[in-house]
2 protein chains.
Amino acid sequence: MNNKEKLRKAGLRPTKQRMIIADILLDGIDRHFTAENLQNEINSSGNSMSIATIYNCLKKFRNCGLIKQVESSKDTAIFDTNINQHHHFLDEETGELIDIENDEVNLHKLPKIPQGYLNNGVEVLIKIKKQI
Amino acid sequence: MNNKEKLRKAGLRPTKQRMIIADILLDGIDRHFTAENLQNEINSSGNSMSIATIYNCLKKFRNCGLIKQVESSKDTAIFDTNINQHHHFLDEETGELIDIENDEVNLHKLPKIPQGYLNNGVEVLIKIKKQI
DNA sequence: TTTTTACTTTAAAATCGTTCTAAACTACTT
DNA sequence: AAGTAGTTTAGAACGATTTTAAAGTAAAAA
């Protein structure tokens, strides 16, 4: 399926700007990035785009499940093109994130989901620090 | 051990402001809160404090291990008085966090920590959403 | 096709959480 | 009691993100 079709399937109009972003992000390569990272990539690709549009797109893409946002208490939002359930190592010093595939973690026992709620995804974060 | 001793033991001078905060936070009750929540509690207790001091204190308390900061991609930093390793349910709609005790989760298999790094804590986040 | 409608993009301003600044203050040491 | 190192403060500054409102564009209707 090409990117235009992916956008339509997600219920998003394939505008020029969304196509530029889709062409960068939806190439099947797993990566972590910020809005600013993406703007730099857009610029390097010979295009340009308002930062407001970049934020709009990232929010829409995230809400449609085309990308994910990583849970992390950094000051800048980090997005992830790997939309499968998976986990992360986090170096809190540098903010570096490293993917952990889902089958690398085995959750043997999970608590009961609170009454009235549904499980909407499990994320394991392993905080790591550089050995001295 | 009283709060004055706790602060000294953590290497922090027990100033008037830190004692006010310690008296609110270090009462053994587990709670999640933001800087703004804490300022409201300080105000309700008949005291007042600059927001800069509140942030300073929270950062110091966190760095000394008196409190923890929760990993979450919300726009506001969330702190936790429960400093034991534990986990959370997160309702992404409302931002509500619910504690999960460490023994409620059983991680049967963990990936190898990357070369040159040490494990610095594991956090499991179970995202939940309201049933419709 | 043309027209209409709803959605999208944009630059710039606004907002919000957090940090910085530098002066006044306070706890601890001598 | 005096010195010094750390702390608090109001307010300014900052950086990420969102809002605004006007101009532009895609899809639907005529």
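Chain A is the first sequence line, chain B the second, and so forth, proteins listed ahead of strands; every chain is numbered from 1.
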Take B:T34 and B:N37, measure what side chain to side chain donor-acceptor pair (under 3.5 Å) needs, and give me the verdict at the end. CA-CA 5 Å; B:T34 64; B:N37 295 157; 3.2 Å; yes
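- Taking atom CD1 on B:I54 and atom P on D:dA10, their separation rounds to 10 Å, with Å as the unit.
- To the nearest 0.5 Å, atom CG of residue A:L90 and atom OH of residue B:Y117 are 10.0 Å apart.
- For residues 24-33 of chain B, the salt bridge (charged side-chain N to carboxylate O under 4.0 Å, His left out) pairs, not counting sequence neighbours, are B:D27-B:R31, B:R31-B:E41.
- One end of the helix from C:dT1-D:dA30 to C:dT30-D:dA1 points its axis 20° away from the other end's axis, with each axis taken from 5 pairs and the angle rounded to 10°.
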Protein-proximity profile, nucleotides 20-30 of chain D, B/S/- by nucleotide at the 4.0 Å heavy-atom cutoff, equals ------BS---
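- What you find for A:N82 and A:N84 is that their closest heavy atoms are OD1-N, 3.1 Å.
- Here the closest non-hydrogen pair linking B:K74 and B:T94 is NZ-O, 4.2 Å.
- For the segment residues 55-77 of chain B, residues with any heavy atom less than 4.0 angstrom from an atom of DNA chain C are, sorted by number, B:Y55, B:K59, B:D75, B:T76, B:A77.
- Its side chain within the 4.5 Å cluster rule, A:L66 clusters with A:L7, A:L12, A:M19, A:I20, A:I21, A:I24, A:L25, A:L26, A:F33, A:L38, A:I42, A:M49, A:I51, A:I54, A:Y55, A:L58, A:F61, A:I67, A:F79 among the Ile, Leu, Val, Met, Phe, Trp and Tyr residues.
- As rounded to whole Å, 8 Å separates atom P of D:dT9 from atom CD1 of B:I20.
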| request: Go through the steps to decide whether B:E93 and B:K129 satisfy the test salt bridge (Lys or Arg N to Asp or Glu O under 4.0 Å), and finish with yes or no. | output: CA-CA 7 Å; B:E93 292 282 314; B:K129 65 173 169 195; over 6 Å; no
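- Within the 4.5 Å cutoff, side-chain heavy atoms of A:D99 are placed close to those of A:D80.
- For the residue pair B:C64 and B:A10, the shortest heavy atom distance occurs at SG-O, 3.4 Å.
- B:Q17 places its CD atom 17 Å from the P atom of D:dG6, with the value rounded to the nearest Å.
- A heavy atom lying under 4.0 Å from DNA chain D marks none of the residues of residues 30-43 of chain A.
- Think of A:I83 as one node in a network of Ile, Leu, Val, Met, Phe, Trp and Tyr side chains linked at under 4.5 Å; it has no links at all.
- Note on residues 58-72 of chain B: pairs passing side chain to side chain donor-acceptor pair (under 3.5 Å), not counting sequence neighbours, are A:S73-B:E71, B:R62-B:Q69.
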Show every donor-acceptor pair shorter than 3.5 Å between a side-chain atom in residues 102-116 of chain B and any protein atom, with sequence neighbours excluded, or say none if there are none.
unit_1, atom_1, unit_2, atom_2, d
B:N102, OD1, B:Q85, NE2, 3.4
B:N102, OD1, B:H87, NE2, 2.9
B:K109, NZ, A:D103, O, 3.1

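- In this structure, the side chain of B:T81 does not engage the main chain of B:H32 through any donor-acceptor pair within 3.5 Å.
- Counting 5' to 3', DNA chain C first comes under 4.0 angstrom of a heavy atom of chain A and last does so at the ends given by C:dA6 to C:dA11.
- Contacts classified as side chain to side chain donor-acceptor pair (under 3.5 Å) and involving residues 3-18 of chain B (residues at least two apart or in different chains) are given here: B:N3-B:D23.
- Distance CZ (B:R18) to P (D:dT9): 11 Å, rounded to an integer number of Å.
- Here A:S48 pairs with A:N43 under the side chain to side chain contact (heavy atoms under 4.5 Å, CB included) rule; sequence neighbours left out.
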